[in-house]
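All ligand and atom numbering here is 1-based and tracks the order in the structure.
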Amino acid sequence: MEEYRRHTFKEKGFLMESTSSLEEICWAVGHIIHFLVDPVVLIDRNGEVRAGNRAFLELLGYTEAELKGRAFDGFCRLPSREESLTMLLKRYGSVRELDMGLRTKDGRDIPVSFSVSPVVSNDTSVIYIGIARDRREDLRLLKELEGTKDELKRRIDALEEFREGILYMLHDLDRNENELEEIRRRLKETQEQLFQSSKLKVLGEIAAGLAHELNQPLTVIRGLSQNLLRKTSPRDQDYEKLKLMVDASRRMEEIINHLRVFSRMDEPEFRIIDLNDVIRNTLKMVKELLARHSIEIRLSLSPLPPIRGCANKLEQVIINLATNARDAMPDGGVLSISTRTVDDNGRRYAEVTVSDTGYGIPDDIIHRIFDPFFTTKEEGKGTGLGLSISYSIIKDHRGEIKVRSKKDKGTIFFIRLPTT
Ligand code: ADP
């Protein structure tokens, strides 16, 4: 029977055969294990503790006397599927790196990796040597590693979020660049308008002075020449010359009146008005004049929200535009006036469009048409003040006036005024 056991152990490859007696083995092994740093325990074939080294006693917190003779199974906490260590040893002869717990004297379970090998004496008695490897540090490191893994995952997630943020920012940057371009364009436009306004201001002051200085001598000239004309017979050789003088002085008076408006000698009166009414009233005045020049008027007025403005001044703008349109269509044509409501950048505007089918404005002068005294009309016909006056009236209304023109096709003026 013992032969058979020995044979079986051999087969399983765990056998350490000795020529010494069990007592001798126990004595020798008992001495050796005291020098080992790993916890080692000697268990006899009945599963009772025979000896334990210092590391083992310290691990479990017992003295050797307290441990000796106690069933080793009582200290073992096996994975639930295993019955007991003694059963495992009976079945397999040895145990290798079994993850289990060792119950300490104060009731804690210490995780260990436990290996047991038998040693057979000369009379085939068996003693088991069990070596425990404390796994607490391993498990702590494992837990730490798990924590690090979680932290790593969190960081990867954060990085992913960051990446998405960057992508979004890049997209935003792209959009901002477009917006910036639009702002730059508007700034340039505003700068041009500002330049135009400051030029107008200086010229306005000069014009006011001129109008004031010229008015008095002109009244004298006009009065005297009219008087003389009345007294002169049409057959008189000076009659025509006097008539020319009267006409010239009337024309000068007109220019001075223009200058007065230009220099804003008359303060505008701002009221809540309907821009469509302004257009209708203006057309009553210019209808005849346009008809005489074979100009057809096409009107398309949409209902508009009210604006705050000076009806007289705005009428003057429409008259200026209509007069220019008439001059641009010497052989007749179509003058179209339309209105609509426009929403732009969160603001609401009333927009008037005045277009003609005239000869248009050449590209090389279109940027000068709002300049005071700029005219392409022959002497005596244009003052070059109509559009610059219109420009400053629209500016006074916090609006804007723009032009688009195509040679031999016509010209369109756009006026936008903020609604109330
Ligand atoms: P004026 O009519 O006395 O010349 P404006 O300031 O009203 O002065 O106009 C300046 C110039 O702008 C005009 O001389 C003309 O060359 C040009 N212009 C204005 N309106 C038109 C138009 N509808 N078609 C063609 N040219 C125009």
Side-chain angles (χ1 to χ4, degrees), residues 192-193 195-197 199-204 206-207 210-211 214 247-248 250-264 279 282-283 285-287 289-299 312-338 351-396 399-415:
E192 275 165 15
Q193 287 170 356
F195 181 59
Q196 187 77 16
S197 307
K199 259 201 311 195
L200 281 176
K201 193 166 176 282
V202 176
L203 279 161
I206 297 171
L210 263 177
L214 291 179
D247 284 350
R250 191 176 300 126
R251 170 107 189 100
M252 276 175 78
E253 208 172 59
E254 258 178 45
I255 294 173
I256 286 176
N257 277 342
H258 248 125
L259 282 176
R260 288 186 53 193
V261 176
F262 175 69
S263 63
R264 284 174 237 187
I279 294 166
T282 312
L283 286 179
M285 293 188 264
V286 296
K287 211 161 61 187
L289 174 84
L290 296 171
R292 255 188 280 138
H293 285 82
S294 314
I295 293 171
E296 182 195 334
I297 302 174
R298 285 187 196 157
L299 209 56
N312 282 343
K313 297 275 173 191
L314 293 173
E315 276 173 15
Q316 212 176 327
V317 173
I318 306 293
I319 289 176
N320 280 337
L321 297 183
T323 318
N324 278 338
R326 176 207 60 192
D327 293 344
M329 299 184 283
D331 303 323
V334 180
L335 171 73
S336 308
I337 302 182
S338 62
E351 187 181 78
V352 192
T353 311
V354 180
S355 64
D356 61 57
T357 54
Y359 48 62
I361 307 171
D363 282 349
D364 55 332
I365 62 157
I366 198 159
H367 62 284
R368 297 180 61 196
I369 60 166
F370 293 106
D371 282 354
F373 305 109
F374 175 80
T375 181
T376 54
K377 294 171 190 171
E378 63 188 67
E379 229 179 280
K381 276 212 162 169
T383 59
L385 288 172
L387 284 182
S388 62
I389 290 171
S390 304
Y391 181 89
S392 49
I393 291 174
I394 298 302
K395 281 292 134 190
D396 284 346
E400 57 180 32
I401 176 166
K402 286 186 178 167
V403 63
R404 206 188 304 148
S405 186
K406 203 159 188 180
K407 206 168 170 324
D408 298 327
K409 290 271 181 240
T411 303
I412 312 177
F413 283 92
F414 302 91
I415 295 172

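- Here the protein heavy atom with the shortest distance to atom 20 (N) of ligand 1 is Asn324 CB, 3.3 Å.
- With sequence neighbours left out, the side chain to side chain donor-acceptor pair (under 3.5 Å) criterion links Glu351 to Arg340, Arg416.
- Judged by distance alone, with hydrogens and angles left aside, the side-chain atoms of Asp356 form no donor-acceptor pair with the main-chain N or O of Leu335 at under 3.5 Å.
- Between Leu321 and Ile415, the closest side-chain pair of non-hydrogen atoms falls below 4.5 Å.
- In this structure, Tyr359 has a heavy atom closer than 4.0 Å to ligand 1.
- Nearest protein neighbour of atom 8 (O) of ligand 1, counting heavy atoms only, is Gly384 CA, 3.2 Å.
- Looking at atom 17 (C) of ligand 1, its nearest protein heavy atom turns out to be Ile369 CG2, 3.9 Å.
- What sits closest to atom 16 (O) of ligand 1 on the protein, heavy atoms only, is Thr376 OG1, 2.4 Å.
- Listed for the Thr357 side chain is a donor-acceptor partner under 3.5 Å among the backbone atoms of Val334.
- Ring planes of Tyr391 and Phe370: tilted class, angle from 30 to 60°.
- For ligand 1, the atoms closer than 4.0 angstrom to any heavy atom of Thr375 are 1 (P), 4 (O), 14 (O).
- Each of the following atoms of ligand 1 lies closer than 4.0 Å to a heavy atom of Ile361: 25 (C), 26 (N), 27 (C).
- The proximity of Asn320 to ligand 1, defined as any non-hydrogen pair under 4.0 Å, does not occur for either the backbone or the side chain.
- The nearest heavy-atom contact from the protein to atom 23 (N) of ligand 1 is Asp356 OD2, 2.8 Å.
- With hydrogens and angles disregarded, no donor-acceptor distance shorter than 3.5 Å links the side chain of Ser294 to the backbone of Gly333.
- Using a 4.0 Å cut-off between charged side-chain N and carboxylate O, Asp396 and Lys313 make no salt bridge.
- The closest approach between Gly360 and ligand 1 falls below 4.0 Å for a heavy atom of the residue.
- Under 4.0 angstrom from ligand 1, the non-hydrogen atoms of Leu387 come from both its backbone and its side chain.
- Annotation: atom 11 (C) of ligand 1 to nearest protein heavy atom, Phe374 O, 3.9 Å.
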